[in-house]
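First the structure, which I've put down as C-alpha cells, then a few questions once you've had a look.
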Amino acid sequence: SRPKVLITRPDIPISGLILLQEQCDIIQWEKPEPIPRSALLSKIQNVDGVYCLLTDKIDDEVLNAAGSQLKVVSTMSVGVDHLDLKALKNRNIKVGYTPGILTDATAELTVALLLATSRRLIEANRAIYKGEWKAWSPTWMCGPRLSGSVVGIIGLGRIGSQVAKNLKSFNVAKILYTSRCVKEEASEFGGEKVEFDELLQKSDFVIVTTALTPETRLMFNQSAFEKMKKSAIFINVSRGEVVDQFALIEALKKGTIRGAGLDVMTPEPIPLDSELLKLDNCVILPHIGSAATETRDEMSIITARNILAVLKGTPDQMPVPLEL
Ligand code: GLV
Ligand code: GLV
C-alpha cells in the first residue's frame, strides 16, 4: 500500500512534489503561511513520513501526536535546530536534511551580503532616491575594503569553507577560523585556526556560518561585540539565536562595531517596528541564503528522496545530521 506523507507547505518546488506523488499519498498544508502548531499536531497523525521546513518545530509533542508508524522526518534545510534529534532517535525515526547541495548558493549570498554591508549598497541606493546624490564625492559612502583585510569565520563547515574560498579571490590578507578541530581544507585558503577571542580581536570581517547548538546559542553577546574592532563588520547567515540581538543593536548604535549584515535574526519575520530596521549600518535580508532557483529545486528533490529512501528502502544512503 502507498505510504502517507505530510508536506507542511503548498509551494515546495514541483520537482520534489512529483517524486513523492508517484509513490505516496500526499497530505499537504494548503495555506502559504507556516502550518500552525494545532494543524501540525492533527495532520501528522497516521502519516509515515513528513516533508518539513525550518519553520516547523518537530519535538516530543509533535512526535507523540504522530503515532508509531512515522518512520522519517525530512527537512528541506541544512539546519536541523528545529528538530529534536534526540526525541527522533529515541523513536528510531530517521532524519533527512539537505547538506552540501546548498553550500554554493549560501556562500555566494554570504559574499553578496558582506559586500552590501561593507560597501553600503542599500544605503547608497536609497540615497539616490532621497535626492542625496549631489555629485561624485571623494569621501561620500566610503566603507572598509575587503582586499587586504583579515576575515574571521565562525564555524568552518561546508558553507564557511566555501565562503573562505570565494573571499580568497578578493585578495584578503588572512583568513582566521574557529572550529572544534583543525580543518584540512583550510590549507586551500591558508586558513588559521584560532580561539574565539583572538578571532574577534583580529578580524575586520566576522562571518558566522556555524550551526545553532547549545554551545553557539547567544555566543555573540555584549562582551563578544566589545572584543571586536570598532571598524569591524559582522555577518550572520546561520541562525539568529547565535546572537544576543539586543546587544547587537546596542553595538551598532554606539559604534562598538561598524556594521552588520544579517540574513537571519530573531524573530523571523522581523517586526516592522524593530530597532534593527532603523539602523543605516545594518543590512537585513529575509533568510534567503539558499534561495537560488536551481538550489531550491535540488533541495526539494533531496528532501523527497530522503523520505523515499526510508519508506521504500536504502535509508543508509542518507547523510546523518550531527547530534546537536
Ligand atoms: C537555511 O537556513 C537552512 O538551514 O537550510
Ligand atoms: C570613478 O568613477 C573614477 O573614475 O574614479
Side-chain angles (χ1 to χ4, degrees), residues 7-9 11-13 15-17 33-35 50-59 72-85 88 94-114 116 153-163 166 207-220 234-243 245 260-270 276 283-307 318-324:
I7 304 178
T8 61
R9 207 68 77 80
D11 60 341
I12 66 161
S15 39
L17 181 61
E33 302 82 35
I35 187 168
V50 178
Y51 181 125
C52 71
L53 309 181
L54 57 86
T55 45
D56 307 317
K57 195 170 168 56
I58 307 290
D59 56 12
V72 56
V73 169
S74 183
T75 181
M76 185 181 158
S77 64
V78 66
V80 292
D81 48 281
H82 55 300
L83 310 177
D84 184 338
L85 295 180
L88 286 154
K94 294 282 182 284
V95 176
Y97 73 139
T98 64
I101 205 74
L102 46 59
T103 300
D104 284 349
T106 308
E108 69 187 29
L109 186 282
T110 307
V111 175
L113 176 58
L114 184 151
I153 299 180
I154 306 291
L156 197 77
R158 285 171 290 256
I159 294 170
S161 291
Q162 189 57 47
V163 169
N166 293 349
I207 307 174
V208 184
T209 64
T210 182
L212 174 63
T213 67
E215 292 83 55
T216 63
R217 186 176 292 276
L218 301 178
M219 86 192 284
F220 279 89
F234 175 75
I235 303 296
N236 187 7
V237 296
S238 71
R239 285 292 180 269
E241 291 86 347
V242 171
V243 176
Q245 198 161 280
L262 311 174
D263 188 42
V264 291
M265 66 227 67
T266 46
E268 294 177 12
I270 189 86
L276 271 184
V283 173
I284 309 208
L285 297 178
H287 202 153
I288 55 171
S290 67
T293 312
E294 300 84 350
T295 300
R296 290 288 171 85
D297 268 343
E298 290 163 2
M299 288 167 71
S300 172
I301 289 171
I302 289 177
T303 307
R305 280 200 193 136
N306 283 342
I307 292 173
M318 287 163 60
V320 179
L322 290 179
E323 292 280 346
L324 297 185

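Counting convention: from 1, in listed order, for ligands and their atoms alike.
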## Note on the structure
For Leu102, the ligand 1 atoms with a heavy-atom partner under 4.0 Å come out as 5 (O)
### Task
Check whether any heavy atom of Arg239 sits under 4.0 Å from an atom of ligand 1.
yes
### Summary
min-distance protein heavy atom vs atom 5 (O) of ligand 1 -> Val78 N, 2.8 Å
### Exam field: side chain Thr303 to backbone Ser74, donor-acceptor pair closer than 3.5 Å
no
### Message
Do Arg296 and Met76 have side chains that approach each other closer than 4.5 Å (heavy atoms only, starting at C-beta)?
### Response
yes
### Message
Do Thr55 and His287 make a side-chain contact, defined as non-hydrogen atoms from C-beta onward lying under 4.5 Å apart?
### Response
no
### Summary
ligand 1 to His287, heavy atom cutoff 4.0 Å, flagged ligand atoms 1 (C), 2 (O)
### Message
At under 4.0 Å between heavy atoms, is it the side chain or the backbone of Met76 that contacts ligand 1, or both, or neither?
### Response
neither
### Message
If I take atom CD from residue Glu294 and atom CE from residue Met299, how far apart are they, to the nearest 0.5 angstrom?
### Response
13.0 Å
## Note on the structure
Leu53 and Thr8 have their tightest heavy-atom pair at N-OG1, 3.8 Å
### Query
Numbering the atoms of ligand 1 from 1, which are under 4.0 Å from a heavy atom of Ser77?
3 (C), 4 (O), 5 (O)
### Min side-chain heavy-atom separation Val163-Val237 under 4.5 Å
no
#### Entry: Side chain Thr103, main chain Ile159, donor-acceptor under 3.5 Å
no
### Query
Do ligand 1 and Gly79 have nitrogen or oxygen atoms that lie under 3.5 Å from each other?
yes
### Query
What part of Val264, side chain from CB on, backbone N/CA/C/O, both or neither, has a heavy atom under 4.0 Å from ligand 1?
neither
### Query
Is ligand 1 under 4.0 Å from a heavy atom in the side chain of Thr106, in the backbone, in both, or in neither?
neither
